Amino acid sequence: MKKNKSDILITLWNSIGIIIILGFFLFSMIIGGSAGLGYQENGRFFVRVHADIVEVSEIIWTISRIWESLFWIFIPLTPIGAFVISNIKKR
(Lines give C-alpha, C1' and ligand atoms only; values in the text may rest on other atoms or scores of the structure.)
Protein backbone atom coordinates (compact mmCIF):
# COMPACT_ATOMS: atom_id res chain seq x y z
CA MET A 1 0.00 0.00 0.00
CA LYS A 2 1.35 3.38 -0.99
CA LYS A 3 1.58 6.02 1.71
CA ASN A 4 0.53 9.54 0.89
CA LYS A 5 2.05 12.75 2.25
CA SER A 6 -0.31 13.11 5.20
CA ASP A 7 0.36 9.53 6.38
CA ILE A 8 4.07 10.24 6.31
CA LEU A 9 3.58 13.54 8.14
CA ILE A 10 1.47 11.87 10.85
CA THR A 11 4.08 9.15 11.31
CA LEU A 12 6.90 11.69 11.44
CA TRP A 13 5.02 13.99 13.83
CA ASN A 14 4.12 11.13 16.19
CA SER A 15 7.66 9.74 16.06
CA ILE A 16 9.17 13.10 17.01
CA GLY A 17 6.64 13.49 19.82
CA ILE A 18 7.32 10.02 21.19
CA ILE A 19 11.10 10.51 21.02
CA ILE A 20 10.86 13.80 22.91
CA ILE A 21 8.40 12.53 25.53
CA LEU A 22 10.10 9.19 26.24
CA GLY A 23 13.55 10.74 25.87
CA PHE A 24 12.76 13.28 28.57
CA PHE A 25 11.76 10.54 31.01
CA LEU A 26 14.82 8.44 30.17
CA PHE A 27 17.21 11.41 30.44
CA SER A 28 15.67 12.44 33.76
CA MET A 29 16.08 8.92 35.12
CA ILE A 30 19.71 8.80 34.03
CA ILE A 31 20.70 12.14 35.59
CA GLY A 32 18.57 11.67 38.70
CA GLY A 33 15.86 14.28 38.23
CA SER A 34 14.77 17.25 36.17
CA ALA A 35 15.88 20.87 36.07
CA GLY A 36 12.26 22.03 36.31
CA LEU A 37 12.10 20.64 39.82
CA GLY A 38 15.70 21.57 40.54
CA TYR A 39 17.41 24.89 41.07
CA GLN A 40 20.58 26.95 40.68
CA GLU A 41 22.48 28.25 43.65
CA ASN A 42 25.87 30.00 43.78
CA GLY A 43 26.91 28.73 40.35
CA ARG A 44 25.94 25.17 41.21
CA PHE A 45 23.15 23.31 39.41
CA PHE A 46 20.79 20.77 40.92
CA VAL A 47 18.11 18.48 39.53
CA ARG A 48 15.46 16.92 41.71
CA VAL A 49 12.93 14.14 41.72
CA HIS A 50 10.72 13.80 44.78
CA ALA A 51 13.04 14.46 47.74
CA ASP A 52 16.27 13.40 45.99
CA ILE A 53 18.52 16.26 44.88
CA VAL A 54 21.51 15.65 42.59
CA GLU A 55 24.18 18.17 41.60
CA VAL A 56 24.92 18.22 37.86
CA SER A 57 27.00 20.30 35.50
CA GLU A 58 25.60 23.46 33.94
CA ILE A 59 25.37 21.85 30.49
CA ILE A 60 23.42 18.83 31.81
CA TRP A 61 21.10 21.17 33.72
CA THR A 62 20.56 23.27 30.58
CA ILE A 63 19.87 20.20 28.43
CA SER A 64 17.38 18.99 31.03
CA ARG A 65 15.67 22.39 31.06
CA ILE A 66 15.39 22.53 27.25
CA TRP A 67 14.20 18.93 27.02
CA GLU A 68 11.59 19.55 29.70
CA SER A 69 10.33 22.61 27.80
CA LEU A 70 10.01 20.52 24.63
CA PHE A 71 8.24 17.83 26.66
CA TRP A 72 5.56 20.26 27.87
CA ILE A 73 5.14 21.61 24.32
CA PHE A 74 4.84 18.17 22.69
CA ILE A 75 2.55 16.53 25.27
CA PRO A 76 -0.51 18.39 23.89
CA LEU A 77 0.83 18.97 20.37
CA THR A 78 1.48 15.34 19.48
CA PRO A 79 -2.17 14.19 19.48
CA ILE A 80 -3.46 17.58 18.30
CA GLY A 81 -1.01 17.63 15.39
CA ALA A 82 -1.88 14.10 14.37
CA PHE A 83 -5.60 14.97 14.50
CA VAL A 84 -5.14 18.11 12.38
CA ILE A 85 -3.00 16.32 9.81
CA SER A 86 -5.48 13.44 9.57
CA ASN A 87 -8.35 15.91 9.03
CA ILE A 88 -6.40 17.66 6.27
CA LYS A 89 -6.03 14.24 4.66
CA LYS A 90 -9.84 13.79 4.56
CA ARG A 91 -10.34 16.96 2.51
Side-chain angles (χ1 to χ4, degrees):
M1 186 168 114
K2 186 179 177 189
K3 284 192 167 192
N4 59 25
K5 264 185 167 176
S6 60
D7 289 336
I8 294 169
L9 281 175
I10 291 170
T11 303
L12 181 63
W13 183 261
N14 287 334
S15 298
I16 290 170
I18 289 168
I19 289 168
I20 288 172
I21 292 165
L22 293 179
F24 168 71
F25 286 118
L26 182 63
F27 187 72
S28 294
M29 286 179 7
I30 290 169
I31 66 171
S34 71
L37 298 172
Y39 57 94
Q40 301 176 44
E41 185 176 87
N42 298 325
R44 298 170 67 193
F45 299 85
F46 301 91
V47 294
R48 181 171 56 193
V49 62
H50 304 296
D52 298 329
I53 299 171
V54 178
E55 184 172 1
V56 295
S57 67
E58 181 179 5
I59 190 71
I60 295 296
W61 192 88
T62 303
I63 290 169
S64 177
R65 193 69 172 170
I66 291 168
W67 210 321
E68 187 168 8
S69 298
L70 289 172
F71 170 82
W72 288 114
I73 291 168
F74 271 84
I75 278 286
L77 286 185
T78 298
I80 291 170
F83 176 76
V84 168
I85 293 168
S86 67
N87 280 339
I88 290 171
K89 174 178 140 176
K90 290 177 185 176
R91 289 182 181 186

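Just so it is clear, the model here is predicted, and its values are computed rather than measured.
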Item checked: Nonpolar side-chain network containing Val49, other nodes, edges under 4.5 Å ->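 None; Val49 is a cluster of one.
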Check: Should Ile19 and Ile16 be counted in the same cluster of Ile, Leu, Val, Met, Phe, Trp and Tyr side chains packed under 4.5 Å apart?
Finding: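 No, separate clusters.
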message = According to a hydrophobic-cluster definition based on side-chain heavy atoms being under 4.5 Å apart (Ile, Leu, Val, Met, Phe, Trp, Tyr only), do Trp67 and Ile18 belong together?
response =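 The answer is no; the residues belong to distinct hydrophobic clusters.
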Exercise answer: donor-acceptor pairs, residues 20-41 side-chain atoms, under 3.5 Å, sequence neighbours excluded:
from: Ser28; atom 1: OG; to: Phe24; atom 2: O; distance (Å): 3.0

Is there a donor-acceptor pair closer than 3.5 Å between any side-chain N or O of Trp61 and the backbone N or O of Val47?
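No, the answer is negative, given that no donor and acceptor are paired below the 3.5 Å cut-off.
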*Under the salt bridge (Lys or Arg N to Asp or Glu O under 4.0 Å) test, which residues partner Glu58, sequence neighbours left out?*
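With sequence neighbours excluded, Glu58 shows a salt bridge (Lys or Arg N to Asp or Glu O under 4.0 Å) to no residue whatsoever.
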Enumerate donor-acceptor pairs with a distance under 3.5 Å from any side-chain N or O in residues 69-78 to protein atoms, sequence neighbours excluded.
from: Ser69; atom 1: OG; to: Arg65; atom 2: O; distance (Å): 3.0
from: Thr78; atom 1: OG1; to: Phe74; atom 2: O; distance (Å): 2.8

